[in-house]
There are 2 protein chains.
Amino acid sequence: MLDKSSPLPLYFQLKELLREKIASGEWQPGDMVPSERELSEQYYISRMTARQALRELATEGLLRREPGRGTFVAEPKIEHGLTRLTGFTEDMQARGLQPGAKVIRLARVSPPLRAARALQITPDREIVLLERLRLAGGEPIALETSHLCFNGVLALLDEDFENHSLYHILAEKYHITPARAVQKIGADLCSQREQELLQIPEGAPVLRNKRITYDQWGRPFEYTESAYRGDRYVFQAELSAFQ
Amino acid sequence: MLDKSSPLPLYFQLKELLREKIASGEWQPGDMVPSERELSEQYYISRMTARQALRELATEGLLRREPGRGTFVAEPKIEHGLTRLTGFTEDMQARGLQPGAKVIRLARVSPPLRAARALQITPDREIVLLERLRLAGGEPIALETSHLCFNGVLALLDEDFENHSLYHILAEKYHITPARAVQKIGADLCSQREQELLQIPEGAPVLRNKRITYDQWGRPFEYTESAYRGDRYVFQAELSAFQ
DNA sequence: TTGCTATATTGGTATAGACCACCGAACCAC
DNA sequence: GTGGTTCGGTGGTCTATACCAATATAGCAA
């Protein structure tokens, strides 16, 4: 099973092998995996080598170890949410909801000061403002206001943002790939405008999200302010003590 | 230097010792720390034991290891600070604020159903409930309700949570290190109890956070529900398109 | 000066063996 | 039935040893 002549370390080969068993579904969450001693006999390696593979998979969150009981396949990780950079469209699809968008405003404007600062430009530059009501299953979920700035950004004024994801358009036509983003998430009461557009009661809570998105070269190209309905949306985040 | 008769593992004692040298500034970022072989001779332990201490400190980000060169004190991280798993205390310190806590309730209870599910235990298990009002600069910022469950958790009932961070106590006395956490963050209106404790107006928005924290073996040991003042607190997150 | 080589040191991998605390189940005595 | 004990299995810790690849340095040769 393991190739002792390979340049890849044995514990690494074993990790990949176990990872595959979990990914393929052969081992289900909660199942007990073979003990260190079993693995060492089965693959003709020492217990410490098997141990290293199990230990590292446990710190990665794939396995859960219990002294005196055994090692178990962990509950699956949350794939989406705050750790992976996704747009609203992918986000909703991951939750099994039908995403939609209604363009409220698409215009050439001068950026407000906080957008200019986020995009690292002077306020006299012309940028594209895109305001969309985001839907899931036909219901309004969020109001997104995006400030976009890159070379040739004005061509965006002719795009169709109701039937295509912003990030898809940027990737396919403009070769801009979102690579990194910084978000600030807070709670607030909705404004009157948001109340009407989102069809929520007066004084209802909203999640406010301010995001700066950077492209593959580390340049900021998008600054977006969003208001999500507090009763219909939660952010999910997976945190790690390491890295 | 190390106490071989102590119940604390030798590698753990060595970790604390090295951690102290870094925290005190005796070792500066970039400094080379003694090699595995030096440490094993100096403290009369085997190389593998010294190795375990260095390895774990490296995965925690305090040390940087370079094959063929040595082990060095890592530069303090800035970029990844936003996705790092921290408690309220470290969180506030990172923002330059003086953290504080007022214990509202510390008791032995049966877990509510959603806490039992999060902690992967049956609802008849006894756990420790810790409710704290979290302060920053003397002002109330959040109400935190933690459900704690691990072997010997009841000893927590005698701890002082007003002057010590929960995660510090867990690490130093119980050898439990938070390694991973999953959070759900939403917006809501405050309850009457929260309104009074947080000293905010009626109907004010709060950020609700539900967190499951896993230890170094991947076992859930803490389920915490928090309500943060919407006017004083934002979550920050850094997203990546990769991995 | 430049480039090579030998050497010592470093962390990385791997083995074999030992003892411990903890858990669960089977068993036994009351 | 209840409450112990025993026992086998598990992960956690620790030692001692060995070899490897990468690195830095000192010394030597062109």
Side-chain angles (χ1 to χ4, degrees), chain A residues 1-16 18 31-59 62-74, chain B residues 1-16 18 30-59 62-74 120-122 125 149-153 174-177 179 214-219 221:
Chain A
M1 291 284 203
L2 301 187
D3 180 5
K4 297 218 180 195
S5 66
S6 159
L8 277 77
L10 290 173
Y11 80 91
F12 188 86
Q13 295 182 50
L14 180 56
K15 269 178 75 176
E16 292 306 304
L18 301 182
D31 285 1
M32 183 174 165
V33 313
S35 72
E36 299 174 350
R37 290 165 178 86
E38 276 175 26
L39 287 173
S40 67
E41 287 176 16
Q42 187 174 349
Y43 294 106
Y44 305 104
I45 56 179
S46 81
R47 185 186 157 205
M48 291 300 276
T49 303
R51 178 172 178 69
Q52 179 165 3
L54 293 178
R55 172 169 37 78
E56 294 195 4
L57 287 174
T59 59
L62 271 82
L63 298 179
R64 176 170 43 86
R65 317 200 73 184
E66 295 187 28
R69 300 223 318 126
T71 303
F72 305 86
V73 177
Chain B
M1 290 287 204
L2 301 187
D3 180 5
K4 296 218 179 195
S5 65
S6 159
L8 277 75
L10 290 173
Y11 81 92
F12 189 87
Q13 295 182 49
L14 181 56
K15 267 178 76 177
E16 291 306 302
L18 302 181
D31 285 1
M32 182 174 166
V33 313
S35 73
E36 298 174 351
R37 291 164 178 88
E38 275 175 26
L39 287 173
S40 66
E41 288 176 15
Q42 187 175 349
Y43 293 106
Y44 305 105
I45 55 179
S46 83
R47 186 186 156 203
M48 291 299 277
T49 304
R51 180 173 177 69
Q52 180 166 4
L54 293 178
R55 171 169 40 76
E56 294 197 4
L57 287 174
T59 58
L62 270 82
L63 298 178
R64 175 172 40 87
R65 317 200 73 183
E66 296 185 28
R69 300 225 316 127
T71 304
F72 305 86
V73 178
Q120 300 173 17
I121 56 175
T122 53
R125 271 284 290 276
C149 181
F150 50 86
N151 258 333
V153 72
Y174 302 86
H175 312 315
I176 290 177
T177 311
Y214 300 83
D215 65 16
Q216 62 266 49
W217 300 291
R219 281 186 300 200
F221 69 93

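Letters go in sequence order (proteins before strands), and every chain restarts at 1. Please read these numbers as outputs of a predicted model, since none were measured by experiment.
Relative to the side chain of L10(B), the nucleotides dG11(D), dT15(D), dA18(D) differ in distance, and dT15(D) lies closest. For M48(B), counting side-chain heavy atoms from C-beta on, the closest listed nucleotide (dC19(D), dT13(D), dA14(C)) is dA14(C). The side chain of E38(A) lies closest to dT10(D), out of dT10(D), dT15(C), dC14(D).
Under 4.0 angstrom from either OP1 or OP2 of dT13(C) there lies no side-chain N or O belonging to K4(A). The side chain of T71(A) places an N or O atom within less than 4.0 Å of a non-bridging phosphate oxygen (OP1 or OP2) of dG11(D). Phosphate contact (OP1/OP2 of dC14(D), side-chain N/O of Q52(B), threshold under 4.0 Å): absent. Applying the 4.0 Å criterion to OP1 and OP2 of dA16(D), one finds that S46(B) has every side-chain N and O outside that range. Distances shorter than 4.0 Å separate some side-chain N or O of S35(B) from OP1 or OP2 on dT10(C). When the side-chain nitrogen and oxygen atoms of Y11(B) are compared with OP1 and OP2 of dT13(D), one or more of them lie within a distance under 4.0 Å. Proximity of R37(B) to the phosphate of dT10(C): no side-chain N or O atom is located under 4.0 Å from OP1 or OP2. Contact annotation: R51(A) side-chain N/O to dG11(D) OP1/OP2 distance is not under 4.0 Å. Residue T49(A) places no side-chain N or O under 4.0 Å from the OP1 or OP2 atom of dT13(C).
Atom CZ in R55(A) sits about 10 Å away from atom P in dT13(D), given to the nearest Å. Atoms OH (Y43(A)) and C1' (dA14(C)) sit 18 Å apart, rounded to a whole Å. Spacing between atom CG of L8(B) and atom P of dG12(D) amounts to 16 Å, rounded to whole angstrom units. Going from atom CD1 of I45(B) over to atom P of dA16(D) covers 11 Å, rounded to whole Å.
With respect to E56(B) and R55(A), no salt bridge is recorded, no charged nitrogen being found less than 4.0 Å from a carboxylate O.
The shortest side-chain heavy-atom distance between I45(A) and L39(A) does not fall under the 4.5 Å cut-off.
Over its full length, the helix from dT1(C)-dA30(D) to dC30(C)-dG1(D) turns its helical axis through 0°, comparing axes from the five pairs at each end and rounding to 10°.
Counting distance only, with no hydrogens placed and no angle test, the side-chain atoms of R47(B) and the base atoms of dG12(C) include a donor-acceptor pair under 3.5 Å.
To the nearest 0.5 Å, atom CZ of residue R51(A) and atom CG of residue L14(A) are 13.5 Å apart. Between the CD atom of E41(A) and the OH atom of Y43(A) there is a distance of 13.0 Å, given to the nearest 0.5 Å.
L54(B) comes within contact range of no nucleotide atom at all, as no heavy-atom separation falls under 4.0 Å.
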Pairs under 3.5 Å (N/O, protein and nucleotides 22-27 of chain C):
unit_1: dC23(C); atom_1: OP1; unit_2: N151(B); atom_2: ND2; d: 2.6

